[in-house]
Amino acid sequence: MSGRAFRLAVLECDTPVPAVEQTRGSYGEVFRQLLTKGLAGVDGDKYKGAEFALSKWDVVRSQEYPKAEDVDGILLTGSKHTAFADDAWIVALVGFVKFFLETSGKPVVGICFGHQIIGRALGAKVGKSPGGWELSVDKIDATPEGRDLLGVSSLSLHQMHRDAVLEVPKGLVNLGSSPSCAIQGLYQPSRVISFQAHPEFDGFIMDEILKTRRDQGIFTDDMFADGAARAQQHHDGVLMATKIWEFLLATRS
């Protein structure tokens, strides 16, 4: 493997709620913190000394994108926005991801909204989840392909979504499912890995989002209480970050 740091471009698809942004920074910074922990768990012999350089791209307001030759991979963050909407910046993002996947030969990671954007870019149907909202720490059962890739039969991860990828794009596999959402992850070796859940969230971030959306009238008091009761539970976010790194670094082996 090349000794050069892995150049990861984080496409920031939203701004955190104020209390999170003030404490943790942008979503690019939140992912920097998670990915730093995840990299420490990667196989020490195979990827000994691996480092990464992270760049942040505000694709909502500035609508600027990295050049494929300047990065080794991209990661799309979550968002409060709707992945199947036709806002100009969302259509541009879908077009960028489609072009990047078709032409660069480099890996793409998607989280929640980013997972859905990848699905849309690859021609899958994306829409409102038949199961409705998934909130806070919840269990995901791995598919056989998910068990092989992730090394576990189930995961506990933070959720914050009402939309979903509704079909698996051609050439990819589904990594997991839950009672509320049938497609919890997409995978194609060296090309795509994505998760409907939020490995980058923790109890503090979840609590702040829950409070904000309750105050906005998006969540009822019962929904808020249900999510808050599980927000501090153990979750497998760092494990997922390690698996994301194993996927990314394998593309440079």
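Atom set for the values below is all heavy atoms of this structure, side chains included, hydrogens, waters and symmetry mates excluded.
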Original post:
Side chains of Trp89 and Val59: does their closest heavy-atom pair fall under 4.5 Å?
Top reply: yes
Original post:
So, are Glu134 and Arg162 salt-bridged, with charged N and O less than 4.0 Å apart?
Top reply: no
Subject >> 4.5 Å side-chain heavy-atom contact, Val173 and Gln188 >> reply: no
Original post:
If Ile, Leu, Val, Met, Phe, Trp and Tyr residues are connected whenever their side-chain heavy atoms lie under 4.5 Å apart, and connections chain through other members, are Val17 and Phe113 in the same group?
Top reply: no
**OP:** For residues Phe31 and Lys56, determine if any side-chain heavy atom of one lies less than 4.5 Å from a side-chain heavy atom of the other.
**Re:** no
Original post:
Under 4.0 Å between a Lys/Arg side-chain N and an Asp/Glu carboxylate O for Asp45 and Lys48?
Top reply: no
**OP:** Please check if any side-chain donor atom of Gln184 sits under 3.5 Å from a side-chain acceptor atom of Gln159, or the reverse.
**Re:** yes
Original post:
Is Trp57 reachable from Val30 through a run of I, L, V, M, F, W or Y residues, each pair having side-chain heavy atoms under 4.5 Å apart?
Top reply: no
Original post:
Would a distance-only check, ignoring hydrogens and angles, find a side-chain to backbone donor-acceptor pair under 3.5 Å from Tyr65 to Leu93?
Top reply: yes
Subject >> Which atom of Ala68 lies closest to which atom of Lys106, heavy atoms considered >> reply: O-NZ, 2.6 Å
**OP:** Apply side-chain contact (heavy atoms from CB on, under 4.5 Å) to the pair Leu155 and Asp236, showing each step before the final yes or no.
**Re:** CA-CA 6 Å; Leu155 296 158; Asp236 294 308; 4.0 Å; yes
**OP:** Provide the closest heavy-atom pair for Ile140 versus Ala197 in the form atom of the first, atom of the second, distance.
**Re:** CD1-CB, 4.0 Å
Original post:
When you measure from the side chain of Ser136 to the backbone N and O of Gly227, does any donor-acceptor pair fall under 3.5 Å?
Top reply: yes
**OP:** For residues Leu149 and Leu175, determine if any side-chain heavy atom of one lies less than 4.5 Å from a side-chain heavy atom of the other.
**Re:** yes
**OP:** Indicate the ring-plane relationship of His198 and Phe201, choosing parallel, tilted or perpendicular according to the 30° and 60° boundaries.
**Re:** parallel
**OP:** I would like to know whether Asp72 and Arg252 meet side-chain contact (heavy atoms from CB on, under 4.5 Å); could you show each step before the answer?
**Re:** CA-CA 8 Å; Asp72 298 309; Arg252 289 198 18 209; 3.4 Å; yes
Subject >> Side chain Arg213, main chain Phe224, donor-acceptor under 3.5 Å >> reply: no
Original post:
Going from CD1 on Ile218 to OG1 on Thr212, what distance comes out if it is rounded to the nearest 0.5 angstrom?
Top reply: 9.0 Å
Original post:
Within the side chain of Thr82, is there an N or O that forms a donor-acceptor pair under 3.5 Å with the backbone of Ala85?
Top reply: no
**OP:** Determine whether Val109 and Leu76 make a side-chain contact, defined as any pair of heavy atoms from C-beta on separated by less than 4.5 Å.
**Re:** no
**OP:** Can you measure from CD1 (Ile111) to CD (Gln116) and round to the nearest 0.5 angstrom?
**Re:** 11.5 Å
**OP:** Enter the distance from Ile244:CD1 to Leu75:CG here, rounded to the nearest 0.5 Å.
**Re:** 6.5 Å
Original post:
Between Asp138 and Ser156, is there a donor-acceptor pair closer than 3.5 Å when you use the side chain of the first and the backbone of the second?
Top reply: no
**OP:** Quick one: do Asp58 and Arg61 satisfy salt bridge (charged side-chain N to carboxylate O under 4.0 Å, His left out)? Show the steps, please.
**Re:** CA-CA 6 Å; Asp58 183 344; Arg61 292 172 294 192; 2.7 Å; yes
Original post:
Any sub-3.5 Å donor-acceptor pair from Thr251's side-chain atoms to Phe247's backbone N or O?
Top reply: no
Original post:
Linking I/L/V/M/F/W/Y whenever any side-chain heavy atoms sit under 4.5 Å apart, do Ile90 and Ile74 land together?
Top reply: yes
Original post:
How about Tyr47 and Trp245: are their ring centres within less than 6.0 Å of each other?
Top reply: no
Original post:
Looking at Val71 and Pro66, what are the two nearest heavy atoms and their distance?
Top reply: CG1-CB, 3.8 Å
Subject >> Interatomic spacing from CD in Gln33 to CG in Leu54 - rounded to 0.5 Å >> reply: 11.0 Å
Original post:
Got a second to check how far Asp163's CG is from Arg120's CZ, nearest 0.5 Å?
Top reply: 11.5 Å
**OP:** Provide the closest heavy-atom pair for Cys112 versus Gly78 in the form atom of the first, atom of the second, distance.
**Re:** CB-CA, 4.2 Å
Subject >> Sidechain N-carboxylate O distance under 4.0 Å for Arg24, Asp202 >> reply: yes
**OP:** State, to 0.1 Å, how close Asp14 and Tyr27 come at their nearest heavy-atom pair, and which atoms those are.
**Re:** O-CD1, 3.5 Å
**OP:** Give a yes or no on whether a salt bridge exists between Arg214 and Asp221, defined as a side-chain N under 4.0 angstrom from a carboxylate O.
**Re:** no
Original post:
Are the aromatic ring centres of His235 and His158 under 6.0 angstrom apart?
Top reply: yes
Subject >> Same apolar cluster (I L V M F W Y, side chains within < 4.5 Å links), Val137/Leu157 >> reply: no
**OP:** Taking Thr23 for its side chain and Val20 for its backbone only, find out whether a donor-acceptor pair lies under 3.5 Å.
**Re:** no
Subject >> Val192 side chain reached by Leu172 side chain, heavy atoms, under 4.5 Å >> reply: yes
**OP:** Show your working on side-chain contact (heavy atoms from CB on, under 4.5 Å) between Glu51 and Phe6 and close with a plain yes or no.
**Re:** CA-CA 6 Å; Glu51 298 177 340; Phe6 189 99; over 6 Å; no
Subject >> Shared hydrophobic cluster, Val10 / Ile205 (ILVMFWY, side-chain heavy atoms < 4.5 Å) >> reply: no
Original post:
Just by modelled atom types, is the Ala142 backbone N or O under 3.5 Å from a matching donor or acceptor in the Ser154 side chain?
Top reply: no
Original post:
Pro16 and Glu21: which non-hydrogen atoms are nearest, and at how many Å?
Top reply: CB-N, 3.9 Å
Subject >> Phe204 CZ: over 12 foreign heavy atoms closer than 6.0 Å >> reply: yes
Subject >> More than 12 heavy atoms from other groups under 6.0 Å of NZ on Lys139 >> reply: no
Original post:
With a 4.5 Å limit on heavy-atom distance, are the side chains of Leu11 and Thr77 in contact?
Top reply: no
Subject >> Test item: Ile183 and Gln196 side chains (from C-beta on) under 4.5 Å apart, heavy atoms >> reply: no
Subject >> Gap between atom OG of Ser104 and atom CZ of Arg191 - 0.5 Å precision >> reply: 9.0 Å
Original post:
Does the distance from a Lys or Arg side-chain N to an Asp or Glu carboxylate O, for Asp226 and Arg230, drop under 4.0 Å?
Top reply: yes
**OP:** Have a look at Phe84 and tell me which of Leu166, Val94, Val126, Ile117 forms a side-chain contact (heavy atoms from CB on, under 4.5 Å) with it.
**Re:** Val126
**OP:** List the steps and the verdict of side-chain contact (heavy atoms from CB on, under 4.5 Å) for Phe219 and Leu135.
**Re:** CA-CA 10 Å; Phe219 294 161; Leu135 306 177; 3.4 Å; yes
Original post:
Is a donor on one side and an acceptor on the other found under 3.5 Å between the side chain of Glu12 and the backbone of Gly28?
Top reply: yes
